[in-house]
Amino acid sequence: MIQDILKHQIAAAIKHLYQIDLLDHQIVIENTKPEFEGDFTYVVFSILKQSKKSPEQTAQEIGEYLKTNFSQLADFNVIKGFLNISLSNQFWFEFLNNTYTNKDYGFVFTHSGQKILVEYSSPNTNKPLHLGHIRNNLLGYSVAQILKANGHQVNTCNLVNDRGIHICKSMYAWMQFGNGETPESSGLKGDHLVGKYYVAFDKQYKQEISELVANGMPSEEAEKKAPAIIAAQQLLLRWEANDKETVDIWKLMNSWVYDGFAVTYKKLGVQFDKYYYESNTYILGKDIVQQGLAAETFFKKEDGSVWIDLTNDGLDQKLLLRGDGTSVYITQDIGTAELKYKDFDCERSVYVVGNEQDYHFKVLQLICKHMHKPYADGIYHLSYGMVELPHGRMKSREGTVVDADDLIDEMITTATATTVELGKANGIPEGELNHLYETIGMGALKYYLLKVDPKKKMMFNPEESIDFQGNTGPFIQYTHARIKSILRNTGEIDFTQFDFNQTNLSKTERALLFTIYQYPQAIFDAGKDMSPGVICNYAYDLAKAFNHFYHECSVLKEENLEQRNFRIQLVNLTAHIIKSSFGLLGIEVPEKM
RNA sequence: GGUCUCUUAGCUCAGCUGGAUAGAGCAACGGUUUUCUAAACCGUAGGUCGAAGGUUCGAGUCCUUCAGGGACCA
């Protein structure tokens with residue numbers, strides 16, 4: 001990239017002028033702020049001590065050196081300690097000439113040599129997916145795409161939490177009140193049907209507790225002695241004992257849930273290379289804990305429970321296996337980590353999991369380190385913030401959950417209404433409309449959730465619908481559609497006949513080109529931070545730069561043929577990058593809207 | 001009791017490893033369509049970057065303390 005050459009030249013200038021040895025990467029080049037003239041800026045304050053001259057003079061001297069030694073430099077200006085450098089038009093034309101045919105512009109194809117496994121989604125099978133899961137799924141999918149674009153070899157997996165007391169609760173309630181109800185008989189989506197019984201369990205359980213408390217039992221005791229919870233626990237025991245009837249019901253109800261999830265995943269556009277099931281991995285986890293015990297990495301307490309002492313790591317003692325030999329959460333994660341490494345041989349294993357589990361993953365990584373597992377250092381918890389509602393976080397038991405399927409449907413309904421209202425549906429064939437509504441609705445939802453820095457918690461207000469204007473998915477999709485509309489009307493052009501060197505380069509054209517030039521950097525930054533938000537911000541900047549251009553420059557009406565062709569290529573490349581960047585986010589872009 | 005984390009405009013969010021006058025969108029107000037799609041564009045207004053210290057040429061960004069929110073471990 002030109003910045004690297006520029007850094008090298010600046011280092012040479014400093015060496016020549018002040019006899020200071022700096023490595024290229026110690027030179028920091030920034031993009032010039034829009035209110036100033038120039039493309040890139042070098043800030044000289046850090047070398048003043050050695051240059052022993054004023055900021056202005058130092059910057060001026062470096063600028064003059066560059067002007068004679070750096071051919072791509074057209075001009076420079078100095079404001080205080082800021083050296084603003086303008087590149088030549090020639091440079092920008094060459095850049096466009098070399099780029100507009102590159103279908104993979106911005107993507108890295110030289111393999112980084114790094115294999116990465118991204119685990120995401122990882123639902124429980126006792127209830128349908130909600131808004132928090134949507135954030136997780138979109139993040140996981142997008143991060144995988146971004147890492148691929150950075151040249152890594154990426155696989156994805158989904159670890160399904162398909163066993164445990166929560167599933168038994170749904171099972172118990174279904175056995176009690178279900179009368180053999182199925183998704184077919186009820187017309188309910190499988191995961192919603194099972195979720196219905198999970199709620200029914202909770203209602204029954206609470207009622208039993210209040211009855212026991214009314215009869216004088218302390219509430220803590222009542223929570224343990226309510227018949228419903230005892231029944232669920234017995235179901236779990238029977239499941240672990242491989243009781244056929246119990247396992248059959250478990251399989252049946254889980255299959256309903258999987259059918260339901262498959263529908264939601266399809267709507268979200270996410271997929272996985274491999275599924276793991278905790279019902280398969282927890283046994284392996286127990287084995288590994290036994291190995292660690294034998295190696296004295298872990299220790300056993302009097303009641304037979306197994307622990308690891310992490311006090312030297314600043315944490316405390318952590319339970320790995322209960323006294324009765326049953327596993328805890330981390331037991332199965334130890335097993336899964338091992339399995340994933342064996343299956344994918346990956347240097348890095350990314351876990352897309354909420355930040356409420358920060359402590360858990362810190363512990364998991366430490367355990368693996370203490371066991372000298374080769375994959376320990378590669379464990380990376382992509383810890384994302386919760387989605388909060390105006391009244392606090394979502395609680396399924398309090399009915400404050402925003403259901404994934406409902407929200408998706410609502411988005412598509414809104415997209416339909418808005419499109420019709422704006423009269424945009426008219427020119428579009430009937431058969432394409434539904435897909436368009438889906439594209440816009442999902443575009444709005446996905447962009448809304450992805451534009452926020454993953455690490456931060458975010459607010460969602462169900463009372464306010466997600467916008468379609470401004471910094472939104474549909475705005476950027478619209479920009480794409482507008483460009484495509486231009487490109488449909490250009491007629492046949494043989495671009496090989498033109499070079500653009502004679503063309504004028506206006507300020508807005510230059511600004512658009514400059515933004516286009518930043519795309520590879522955006523992909524790199526997004527990969528480094530595993531943040532789709534970086535791509536969102538970039539795509540928005542690009543769309544804004546285009547719209548600004550669109551209002552100032554005409555493409556089709558431009559009379560100068562070279563100028564016209566230059567603009568066609570400029571705009572064509574812009575559309576391509578919008579599509580490409582949205583691809584990294586898992587968002588489609590329409591040809592018309 | 002301990003650990004982690006967050007606090008930027010009325011609202012939702014940007015702000016890269018410290019750099020120029022802290023930026024967008026929404027909401028509010030005003031303007032732009034005989035010209036490639038007005039889901040657009042332009043403008044006005046809106047800020048003690050939670051508070052106080054410190055580090056330095058320079059702090060929203062780094063350090064300390066405090067307040068408030070959130071999460072987790074026992």
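None of these values were measured; they are calculated from a predicted model. Numbered from 1 within each chain, the chains take letters A, B, ... in sequence-line order.
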If the cut-off is 4.0 Å, is [X] near the phosphate of [N], judged by side-chain N/O to OP1 or OP2?
X: A:Lys544; N: B:C41; result: no
X: A:Tyr359; N: B:C72; result: no
X: A:Lys80; N: B:U21; result: yes

Face-to-face contact A:Phe475 to B:A39 six-ring, under 5.5 Å, under 30°: no
Stacking check A:Tyr550 vs B:A40 (5.5 Å / 30 deg):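 Per 5.5 Å and 30° rule: no stacking.
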Which whole-number value in Å describes the distance from [X] [atom1] to [N] [atom2]?
X: A:Tyr448; N: B:U12; atom1: OH; atom2: C1'; answer: 6 Å
X: A:Asn84; N: B:A20; atom1: CG; atom2: P; answer: 12 Å
X: A:Ile47; N: B:G19; atom1: CD1; atom2: P; answer: 18 Å
X: A:Met459; N: B:U12; atom1: CE; atom2: P; answer: 6 Å
X: A:Asp316; N: B:C72; atom1: CG; atom2: C1'; answer: 11 Å
X: A:Phe460; N: B:C13; atom1: CZ; atom2: P; answer: 12 Å
X: A:Asn31; N: B:G19; atom1: CG; atom2: P; answer: 13 Å
X: A:Lys451; N: B:A24; atom1: NZ; atom2: P; answer: 15 Å

Touch class at under 4.0 angstrom, heavy-atom based, for [X] against every strand present:
X: A:Val555; result: base
X: A:Thr419; result: base
X: A:His548; result: sugar-phosphate
X: A:Met593; result: base

Residue met sooner reading RNA chain B from 5', once A:Asp453 and A:Arg393 are mapped to nucleotides: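 That would be A:Asp453.
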Residue whose closest nucleotide on RNA chain B lies nearer the 5' end, A:Phe82 versus A:Lys455: A:Lys455
Could a donor-acceptor pair under 3.5 angstrom be found where the side chain of [X] meets the base of [N]?
X: A:Thr472; N: B:A39; result: no
X: A:Asp467; N: B:A27; result: no
X: A:Thr479; N: B:A40; result: no

Does the side chain of [X] come under 3.5 Å of the side chain of [Y] through a donor N or O and an acceptor N or O?
X: A:Gln563; Y: A:Glu558; result: no
X: A:Gln521; Y: A:Asp525; result: yes
X: A:Tyr18; Y: A:Glu61; result: yes
X: A:Asn31; Y: A:Tyr517; result: no
X: A:Asp39; Y: A:Thr32; result: no

Options [options], nucleotide nearest the side-chain atoms of [X]:
X: A:Lys557; options: B:C36, B:C57, B:A40; answer: B:C36
X: A:Val43; options: B:U7, B:G19, B:C41; answer: B:G19
X: A:Thr41; options: B:C73, B:A20, B:C57; answer: B:A20
X: A:Ala481; options: B:G19, B:A74, B:U37; answer: B:U37
X: A:Glu356; options: B:U7, B:C13, B:A71; answer: B:A71
X: A:Arg488; options: B:G19, B:A14, B:U37; answer: B:U37
X: A:Val28; options: B:C4, B:U17, B:C13; answer: B:U17
X: A:Ser485; options: B:C36, B:C4, B:C13; answer: B:C36
X: A:Pro474; options: B:C41, B:A39, B:A20; answer: B:A39
X: A:Lys457; options: B:U3, B:G19, B:G69; answer: B:G69

For RNA chain B, the residues among residues 524-543 of chain A that have a non-hydrogen atom under 4.0 Å from it: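 Residues of residues 524-543 of chain A under 4.0 Å from RNA chain B: A:Asn537, A:Tyr540.
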Residues from residues 424-447 of chain A lying under 4.0 Å of RNA chain B - heavy atoms: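 Hits under 4.0 Å, by residue number: A:Lys424, A:Ile440.
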Quick one: does any side-chain atom of [X] pair with a main-chain N or O of [Y] as donor and acceptor, under 3.5 Å?
X: A:Thr418; Y: A:Thr414; answer: yes
X: A:Lys446; Y: A:Gly586; answer: yes
X: A:His548; Y: A:Ala545; answer: no
X: A:Thr574; Y: A:Leu570; answer: yes

Sub-6.0 Å ring centroid separation between [X] and [Y]:
X: A:Tyr540; Y: A:Phe475; result: yes
X: A:Phe468; Y: A:Tyr447; result: no
X: A:Tyr141; Y: A:Tyr120; result: no

Pairs meeting criterion salt bridge (Lys or Arg N to Asp or Glu O under 4.0 Å) with involvement of residues 450-476 of chain A, two or more places apart: A:Asp453-A:Lys455
All pairs passing salt bridge (Lys or Arg N to Asp or Glu O under 4.0 Å) where residues 419-437 of chain A contributes a residue, at least two apart: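 Pairs touching residues 419-437 of chain A that pass the test: none.
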Residue pairs passing the side-chain hydrogen bond (donor to acceptor under 3.5 Å, both in side chains) test where at least one lies in residues 382-392 of chain A, sequence neighbours excluded: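 Every side-chain hydrogen bond (donor to acceptor under 3.5 Å, both in side chains) pair that includes a residue of residues 382-392 of chain A, provided the two are not neighbours, is A:Asn136-A:Tyr384, A:Asp358-A:Ser383.
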Watson-Crick and G-U pairing of RNA chain B written in dot-bracket, each distance under 3.5 angstrom, with | for inter-strand partners: (((((((..((((.....[...)))).(((((.......))))).....(((((..]....)))))))))))).
Using the [atom1] atom in both, what is the distance from [N] to [M], to the nearest Å?
N: B:U21; M: B:C49; atom1: P; result: 15 Å
N: B:A24; M: B:U64; atom1: P; result: 33 Å
N: B:C4; M: B:G43; atom1: C1'; result: 45 Å

